[in-house]
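The block underneath contains the structure these notes are about, expressed in structure tokens.
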Amino acid sequence: MTKQELRQTIRRQKQMSSGDDASETLRQLRQHPRLTNADTLLLYSALQDEVPTQSLLDELVAQGKTVLLPRVVSDTDMELRQYTGLQDLQVGAFGILEPTGKLFTDYEKIDVAVVPGMAFDKEGHRLGRGKGYYDRFLRLLPKTYKIGICFSWQLVDNVPTDEHDILMDQIMTVNIQ
């Protein structure tokens, strides 16, 4: 199966899914030792077909952690901005709520990156939306622990890969951790 065919399959499955396993996946993520011990975390502002992260973002900020969100800045690149609360979000590229907070460039300080995707496999391969934003950006974070997070229906047997694809260190969903 090609990447494009897998994206089409996932889109069909999304229409049949209720996303009910999100709360259990988030509970597991909240308890993850890498997350609880991290000072600086990269997360995301969720689209409708991604595990919702808003409550987690706010909890982490309340705990005094530095929370970073990506912002698309060109056809190929994104940057990181600090998230301190809902006031830091505005609708940006592709209708995604993007941060307007302080620019963050000290990538060595990022302990954990929680990454969305259209599909993942148990070996840590990730299928994105096809633009390559995360793969290009995650190359800048070679020492950061990368957790792919998804609904159970987004976990597949095999994600087709290319040499530029960045492997996740761990995949979390209601079925695996």
Side-chain angles (χ1 to χ4, degrees), residues 1-29 32-35 38 41-54 56-57 68-80 92-99 107 110-177:
M1 182 178 298
T2 67
K3 286 184 176 187
Q4 190 55 35
E5 289 168 337
L6 181 54
R7 285 186 187 98
Q8 290 171 353
T9 298
I10 293 296
R11 285 184 185 109
R12 284 192 297 273
Q13 289 177 328
K14 171 181 69 172
Q15 294 171 347
M16 297 182 290
S17 173
S18 64
D20 290 341
D21 57 2
S23 61
E24 176 60 19
T25 303
L26 284 171
R27 184 192 67 73
Q28 293 171 4
L29 183 60
H32 194 291
R34 295 268 187 167
L35 202 78
L41 303 103
L42 168 60
L43 284 102
Y44 63 93
S45 182
L47 294 172
Q48 287 185 336
D49 61 346
E50 296 172 337
V51 174
T53 56
Q54 190 59 56
L56 178 60
L57 296 173
L68 308 170
L69 298 177
R71 177 181 178 90
V72 172
V73 293
S74 74
D75 287 342
T76 58
D77 298 310
M78 58 186 196
E79 66 185 12
L80 300 184
F94 310 108
I96 300 169
L97 285 176
E98 292 187 329
Y107 303 144
I110 301 172
D111 301 303
V112 175
V114 177
V115 182
M118 289 197 73
F120 295 90
D121 65 25
K122 291 181 181 181
E123 286 74 41
H125 300 112
R126 174 185 167 275
L127 178 71
R129 296 184 182 272
K131 299 273 188 182
Y133 287 105
Y134 271 98
D135 287 316
R136 278 188 295 279
F137 191 82
L138 291 174
R139 286 196 190 299
L140 305 174
L141 309 177
K143 296 178 183 174
T144 300
Y145 192 81
K146 297 160 191 71
I147 301 173
I149 185 170
C150 64
F151 293 108
S152 57
W153 51 269
Q154 292 173 295
L155 186 65
V156 299
D157 290 334
N158 180 47
V159 170
T161 59
D162 295 318
E163 66 181 48
H164 66 270
D165 293 333
I166 300 295
L167 196 66
M168 300 291 104
D169 295 300
Q170 182 175 4
I171 307 301
M172 292 192 74
T173 187
V174 72
N175 295 335
I176 62 170
Q177 39 177 321

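The figures that follow rest on heavy atoms only: side chains count, while hydrogens, waters and symmetry mates do not.
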With Arg136 via salt bridge (charged side-chain N to carboxylate O under 4.0 Å, His left out) - residues at least two apart: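 Salt bridge (charged side-chain N to carboxylate O under 4.0 Å, His left out) list for Arg136, sorted by chain: empty.
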
Does [X] reach the main-chain N or O of [Y] with its side chain, forming a donor-acceptor pair under 3.5 Å?
X	Y	value
Arg71	Pro99	yes
Lys122	Ile171	no
Thr144	Val112	no
Ser45	Glu98	no
Thr2	Glu5	yes
Gln28	Thr25	no
Thr173	Cys150	yes

Who passes side chain to side chain contact (heavy atoms under 4.5 Å, CB included) against [X], sequence neighbours left out?
X	result
Gln48	none
Leu140	Tyr107, Phe137
Glu123	Asp121, His125
Asp135	Arg126, His164, Asp165, Ile166

Which atom pair, heavy atoms only, marks the closest approach of [X] to [Y]?
X	Y	value
Lys146	Leu138	CE-O, 3.9 Å
Val115	Tyr44	C-CE2, 4.2 Å
Leu42	Pro70	CD1-CD, 4.0 Å
Ser74	Tyr133	O-OH, 3.0 Å
Ala46	Val51	CB-O, 3.4 Å
Pro160	Met1	CG-O, 3.2 Å

Quick check for you: to the nearest 0.5 Å, what is the distance between [X] atom [atom1] and [Y] atom [atom2]?
X	Y	atom1	atom2	value
Leu167	Thr161	CG	OG1	9.0 Å
Leu43	Gln54	CG	CD	10.5 Å
Leu69	Leu80	CG	CG	8.5 Å
Glu24	Ser152	CD	OG	11.0 Å
Arg11	Leu6	CZ	CG	10.0 Å
Tyr145	Asp169	OH	CG	5.5 Å

With sequence neighbours left out, which residue pairs that include part of residues 148-164 fulfil the salt bridge (Lys or Arg N to Asp or Glu O under 4.0 Å) condition?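 Sorted result for residues 148-164: Lys3-Asp162.
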
Close side-chain approach of [X] and [Y], heavy atoms under 4.5 Å:
X	Y	answer
Leu35	Leu41	yes
Val156	Ile10	yes
His32	Gln170	yes

Between Asp49 and Arg129, is the closest basic N to carboxylate O distance under 4.0 Å?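 So Arg129 pairs with Asp49 through a salt bridge.
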
